[in-house]
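I have placed the structure first, in the form of structure tokens, so that the comments after it can refer back to it.
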Amino acid sequence: MFSLLALPLLAVAAAVPVSRQDSGGVKELWLFNDIRVSDANAIKTAGYDTVIMFQLGIFANASLAYYGDEKGQNDNPVLLVDGGVYVEDIGLADIVTGYKTGTTTIDRTEITIVSGNVFWQRIQAMVEANGTGPDTALYQNFAALKTAWNLDAINDDDEENYDVSSTVAFAQMLGQIGYKFTTAPYTNTFFWAQVGQGINDANLYDRSYLQCYDGGEGNDPGLWAFEVGMPQVPLLWVTNTDKPQDGNTPAQVQSQMQQWKDTYGSNIAGGGLWNDYDIYYNNNSYQTYAQALEAVFG
Ligand SMILES: *[C@@H]1O[C@H](CO)[C@@H](O)[C@H](O)[C@H]1NC(C)=O
Ligand SMILES: *[C@@H]1O[C@H](CO)[C@@H](O)[C@H](O)[C@H]1NC(C)=O
Ligand SMILES: *[C@@H]1O[C@H](CO)[C@@H](O)[C@H](O)[C@H]1NC(C)=O
């Protein structure tokens with residue numbers, strides 16, 4: 001968090017070399033492809049330190065599911081946690097815990113909850129009806145998922161519901177369970193600033209991954225850092241066939257990330273890539289993209 005007085009400092013930071021940030025920084029890959037389909041070993045050894053799975057579903061009874069079918073377009077969720085018990089038995093837990101074990105550069109795993117399909121609406125309804133105490137199904141199911149997957153964080157990719165108080169209460173519940181809380185905004189700085197102020201805990205809400213493509217095209221991570229009060233990890237879309245004009249080669253990723261880092265210094269906390277599916281199906285390399293991030297963020 002920083003005050004309005006920090007704005008002139010941003011401008012100063014832009015003008016001088018910033019050696020303190022020359023090493024370190026998030027290097028993240030979004031796992032859009034079904035994790036059962038992708039080559040986990042190739043992803044583990046490419047150079048990323050964080051992977052974030054797309055996506056976690058939540059039913060009205062608080063049971064949790066993985067919607068990882070190819071490109072996220074198959075409505076065939078895998079039930080993960082039901083009635084407080086981890087029930088999935090087709091190998092997902094082994095894949096997820098495996099990202100951080102054996103030969104790997106990954107030390108942090110997350111899964112995202114997106115709003116387009118009512119999940120944040122359901123969380124709001126559950127929080128308002130029953131709260132977030134340890135006796136609620138919501139709490140117990142997220143606790144069971146944490147134990148089974150050894151996850152580090154739950155990511156909030158709310159793109160539509162935008163309810164501050166239930167989001168803050170939910171994040172605080174996640175913190176009690178032992179998760180970190182992260183966000184993946186593309187618009188609505190007012191909402192995300194209120195969430196940050198409501199949580200008011202940089203150890204719990206420790207990362208903001210800013211979409212700088214598609215709906216977030218043109219987002220300026222330095223301006224966002226100022227407006228929401230925390231450093232940003234900008235996300236770029238890799239070369240793809242869905243919106244080729246939004247795609248970035250590894251060289252373009254490196255160049256854009258370097259420019260943001262040179263301009264905004266410590267307000268850029270790393271970089272991330274949307275997404276593994278497009279890297280693989282366009283015959284590009286997880287490793288070459290990871291090297292583009294490593295070149296900037298160490
Ligand atoms: C919760 O809802 C899901 C989806 O409808 C269902 O499969 C599951 O059996 C329900 N679990 C409980 C404990 O009610
Ligand atoms: C609230 O808790 C009650 C009792 O456990 C349960 O029947 C109900 O479905 C819960 N409501 C929501 C919205 O989760
Ligand atoms: C990737 O390579 C495969 C096998 O050579 C080919 O069939 C496919 O069309 C290629 N994909 C793209 C997007 O170029």
Side-chain angles (χ1 to χ4, degrees), residues 29-30 32-34 37-39 42-43 46 55-90 92-93 111 113-149 154 158 161 163-174 176-177 213 236-253 273-289:
L29 179 64
W30 283 66
F32 189 31
N33 204 21
D34 192 315
V37 175
S38 299
D39 180 347
I43 290 171
Q55 59 171 305
L56 186 69
I58 181 158
F59 297 116
N61 62 14
S63 291
L64 303 176
Y66 174 61
Y67 287 71
D69 298 290
E70 200 155 290
K71 291 206 86 177
Q73 286 168 356
N74 184 326
D75 291 326
N76 190 19
V78 178
L79 193 60
L80 299 174
V81 181
D82 196 29
V85 178
Y86 189 81
V87 295
E88 173 275 316
D89 64 355
I90 58 171
L92 291 180
I111 193 162
I113 304 172
V114 188
S115 66
N117 22 27
V118 310
F119 301 142
W120 285 100
Q121 291 88 330
R122 286 178 181 162
I123 288 169
Q124 180 181 352
M126 284 180 264
V127 169
E128 289 176 353
N130 288 340
T132 55
D135 55 339
T136 60
L138 190 65
Y139 185 107
Q140 289 168 3
N141 288 348
F142 274 93
L145 182 68
K146 170 130 183 76
T147 302
W149 280 17
I154 299 293
D158 187 347
N161 196 48
D163 179 68
V164 175
S165 58
S166 62
T167 301
V168 170
F170 177 69
Q172 288 166 339
M173 182 199 82
L174 293 174
Q176 283 158 18
I177 294 169
Y213 58 86
L236 291 173
W237 196 349
V238 300
T239 298
N240 70 88
T241 50
D242 290 331
K243 290 196 177 168
Q245 70 279 12
D246 277 19
N248 289 273
T249 64
Q252 289 169 321
V253 167
L273 301 170
W274 171 258
N275 61 72
D276 70 327
Y277 177 95
D278 288 320
I279 292 175
Y280 184 78
Y281 286 97
N282 288 280
N283 301 317
N284 287 317
S285 155
Y286 301 130
Q287 192 169 24
T288 308
Y289 272 106

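Since we're looking at a predicted model, the values are computed, not measured. Order of listing sets the numbers, starting from 1, for every ligand and every atom in it.
In this structure, OH in Y213 is found 9.5 Å from CG in D246, a value given to the nearest 0.5 Å. One distance of note links CD of E88 with OH of Y66; it measures 10.5 Å at 0.5 Å rounding.
Ring pair F32/W274 is tilted by interplanar angle, where 30° to 60° counts as tilted. Ring pair Y286/Y280 is parallel by interplanar angle, where below 30° counts as parallel and above 60° as perpendicular.
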Criterion side-chain contact (heavy atoms from CB on, under 4.5 Å) on T239 and D278, from CA distance to verdict
CA-CA 7 Å; T239 298; D278 288 320; over 6 Å; no

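Within the listing of ligand 3, atoms 13 (C) sit less than 4.0 angstrom from a heavy atom of N282. Each of the atoms 11 (N), 12 (C), 13 (C) of ligand 3 lies under 4.0 Å from some heavy atom of Y281.
F170 and Y139 have their aromatic ring centers separated by at least 6.0 angstrom.
For atom 2 (O) of ligand 3, a protein heavy-atom neighbour is found at a distance under 4.0 Å. For atom 7 (O) of ligand 2, no protein heavy-atom neighbour is present inside the 4.0 Å cut-off.
What sits closest to atom 14 (O) of ligand 3 on the protein, heavy atoms only, is N283 ND2, 3.5 Å. Summary of contacts: the protein heavy atom closest to atom 10 (C) of ligand 1 is N61 ND2, 2.5 Å. Here the protein heavy atom with the shortest distance to atom 13 (C) of ligand 2 is A129 CB, 3.6 Å. When only non-hydrogen protein atoms are considered, atom 4 (C) of ligand 2 lies nearest to N130 ND2, 4.5 Å. The closest protein non-hydrogen atom to atom 9 (O) of ligand 1 is D82 OD2, 3.6 Å.
Side-chain N/O atoms of Q172 and Q176 include no donor and acceptor closer than 3.5 Å.
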